[in-house]
Amino acid sequence: LQAAQYVNEKILENNPAEKDLFDILVLSNNNPESGVRIINSAKHYGLEISKFCFVSDEDSTQYLKSHGVKLFLSADRTDVCNALRRGVSAALVFQQEVQAPSTPLRVVFDGDAVLFSDETDQVFQEHGLEGAVQYERAMEAVPMGEGPLQAFAMHLGKIGKMFSQEKSPIRTYLVTARSGRDMGIRAIKTLREWGLPIDEAFFMDGAPKGPILAQIQPHIFFDDGLHNIQGAQNVGVPSAWVP
């Protein structure tokens, strides 16, 4: 949150009239009376949160689109799945003590089933690695479908384009299990087709992601594999699972 506030400061330095800023919304199933403690806690920690929604409805995610939410993070798997079904980028977060450097804002995305669709994952499950490689070679010129967090990544890219690459307060990364030699070209072509600027891309060819994540020190890492989430947590990297 502090890194997001830093991004807002840099945007306003560029253009004091800019309205496309990070806006944090707290959505809680607490009743308004219980919500007083949440508001006071935000004030205590100096968090710039102005929007609080306290609703007792069983599915509070119905309010996400009316607020224009680009990313929904929750520790409740049902809420995350409901948000994804509503077409909102969402992920499950875990309680973890971390000390990520404050600036710039660094966000790491996995590839298949997160940034991209899960089409190749499905081929891999049915036909193994060789089948997935053959499929990627045959489809190399065809951009992949959009994954559950593509819209959020595009929004980050839109903000990043306000700055030169050297001065941008946001850095985005792709860290994928794909092989760069056999399956990397289609991923890069897809990003180009979308017009999505990714600052750095790592094609791990199935190697553990923990060491490279420890080097990047992101504020958040999104992956659909719980083993990768565990590996990130083992090196102190804040992680969110995309079910």
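Worth knowing before you read on, the calculation uses all heavy atoms, side chains too, and leaves out hydrogens, waters and symmetry mates. Since the structure is predicted, the reported quantities are computational estimates derived from the model, not experimental observations.
Put simply, the side chain of H219 never gets that close to the backbone of L105: no donor and acceptor are under 3.5 Å apart. Side chain of R178 to backbone of G111: no donor-acceptor contact under 3.5 angstrom is found. For the pair S66 (side chain) and Y63 (backbone), a donor-acceptor distance under 3.5 Å is present.
Applying the side-chain hydrogen bond (donor to acceptor under 3.5 Å, both in side chains) definition to pairs two or more places apart or across chains, those involving residues 11-23 are D23-K51. Sorted by first and then second residue, the ring pair (Phe, Tyr, Trp, His ring centres under 6.0 Å) pairs involving residues 127-165 (not counting sequence neighbours) form an empty list.
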Check the pair F72 / D79 against side-chain contact (heavy atoms from CB on, under 4.5 Å), numbers first and verdict last.
CA-CA 9 Å; F72 175 66; D79 284 344; 3.9 Å; yes
In sequence, state the C-alpha distance, the side-chain angles, and the governing distance for R106 and Y173, and then conclude on side-chain contact (heavy atoms from CB on, under 4.5 Å).
CA-CA 8 Å; R106 288 182 295 283; Y173 304 78; 3.4 Å; yes
Evaluate side-chain contact (heavy atoms from CB on, under 4.5 Å) for F54 paired with L27, printing each intermediate quantity in order.
CA-CA 6 Å; F54 301 107; L27 179 63; over 6 Å; no
Step by step, would you call D112 with D118 a side-chain contact (heavy atoms from CB on, under 4.5 Å)?
CA-CA 5 Å; D112 296 279; D118 66 347; 5.9 Å; no
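Taking CG from N29 and SG from C53, the interatomic distance works out to 11.5 Å, rounded to the nearest 0.5 Å. One finds the OG atom of S168 at 11.0 Å from the NZ atom of K10 (value rounded to the nearest 0.5 Å). Once rounded to the nearest 0.5 Å, the distance linking CZ of R77 with CG of N82 reads 12.0 Å. Within the model, atoms CZ of F109 and CD of Q150 stand 10.0 Å from one another, a figure rounded to the nearest 0.5 Å. Atoms CD and CD, on Q217 and Q215 in that order, are 8.5 Å from each other to the nearest 0.5 Å.
Scanning for side-chain hydrogen bond (donor to acceptor under 3.5 Å, both in side chains) contacts around D224 gives an empty result, with sequence neighbours left out. Checked against side-chain hydrogen bond (donor to acceptor under 3.5 Å, both in side chains), S179 has no partners two or more places apart in sequence or in another chain. When the side-chain hydrogen bond (donor to acceptor under 3.5 Å, both in side chains) test is applied to S89, no partner is found at least two apart in sequence or on another chain. Annotation: side-chain contact (heavy atoms from CB on, under 4.5 Å) contacts of V26 (sequence neighbours excluded): I38, I49, F52. Scored by the side-chain contact (heavy atoms from CB on, under 4.5 Å) test, V235 finds A214, V237 as partners (sequence neighbours excluded). With sequence neighbours excluded, no residue satisfies ring pair (Phe, Tyr, Trp, His ring centres under 6.0 Å) with W241. F221 pairs by the ring pair (Phe, Tyr, Trp, His ring centres under 6.0 Å) definition with nothing, not counting sequence neighbours. Listed by chain and residue number, E130 satisfy the side-chain contact (heavy atoms from CB on, under 4.5 Å) test with Q134 (two or more places apart in sequence, or in another chain). With sequence neighbours excluded, no residue forms a side-chain hydrogen bond (donor to acceptor under 3.5 Å, both in side chains) with Y6.
I212 and I198 fall into different hydrophobic clusters, where Ile, Leu, Val, Met, Phe, Trp and Tyr side chains are chained together by heavy-atom contacts under 4.5 Å. Under the 4.5 Å side-chain contact rule for hydrophobic residues, V114 and V175 do not share a cluster. Note on I220: it does not cluster hydrophobically with L226, by side-chain heavy-atom contacts below 4.5 Å among ILVMFWY residues. In the hydrophobic clustering of ILVMFWY residues, with side-chain heavy atoms under 4.5 Å counting as a link, M154 and V242 come out together. Following chains of ILVMFWY side-chain contacts shorter than 4.5 Å, one cannot reach V7 starting from I24, and the two form parts of different hydrophobic clusters.
Here the closest non-hydrogen pair linking A232 and L213 is CB-CD1, 3.7 Å. Residues A132 and T120 share a closest heavy-atom pair of CB-CG2, 4.2 Å. Nearest heavy atoms, I170 versus G160: CD1-N, 4.5 Å. When all heavy atoms are compared, the tightest approach of S60 to V55 is CB-CG2, 3.3 Å. Among all heavy-atom pairs drawn from P218 and V108, the shortest one is CB-CG2, 3.5 Å.
Of the N and O atoms on the side chains of N40 and R37, not one donor lies less than 3.5 Å from an acceptor on the other residue. Inspection of the T61 and D59 side chains reveals an N or O donor paired with an N or O acceptor under 3.5 Å. No side-chain N or O of Q125 forms a donor-acceptor pair with one of D121 less than 3.5 Å apart.
When side chains are defined from C-beta on, T176 does not count as touching M204, because their heavy atoms never get closer than 4.5 Å.
If you run side-chain contact (heavy atoms from CB on, under 4.5 Å) between F222 and each of I229, V107, N228, L115, only V107 comes through.
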Output side-chain donor-acceptor pairs under 3.5 Å for residues 180-197, partner residues at least two apart or in another chain, one line each.
unit_1 : atom_1 : unit_2 : atom_2 : d
D182   : OD1    : R137   : NH2    : 3.1
R186   : NE     : M139   : O      : 3.2
R186   : NE     : V142   : O      : 2.7
R186   : NH1    : E119   : OE1    : 3.3
R186   : NH1    : E136   : OE2    : 2.9
R186   : NH2    : E119   : OE1    : 3.1
R186   : NH2    : V142   : O      : 3.2
T190   : OG1    : M144   : N      : 3.0
T190   : OG1    : R186   : O      : 2.8

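Ionic pairing of D110 and K209 is present here: one or more N-O contacts between side-chain nitrogen and carboxylate oxygen are shorter than 4.0 angstrom.
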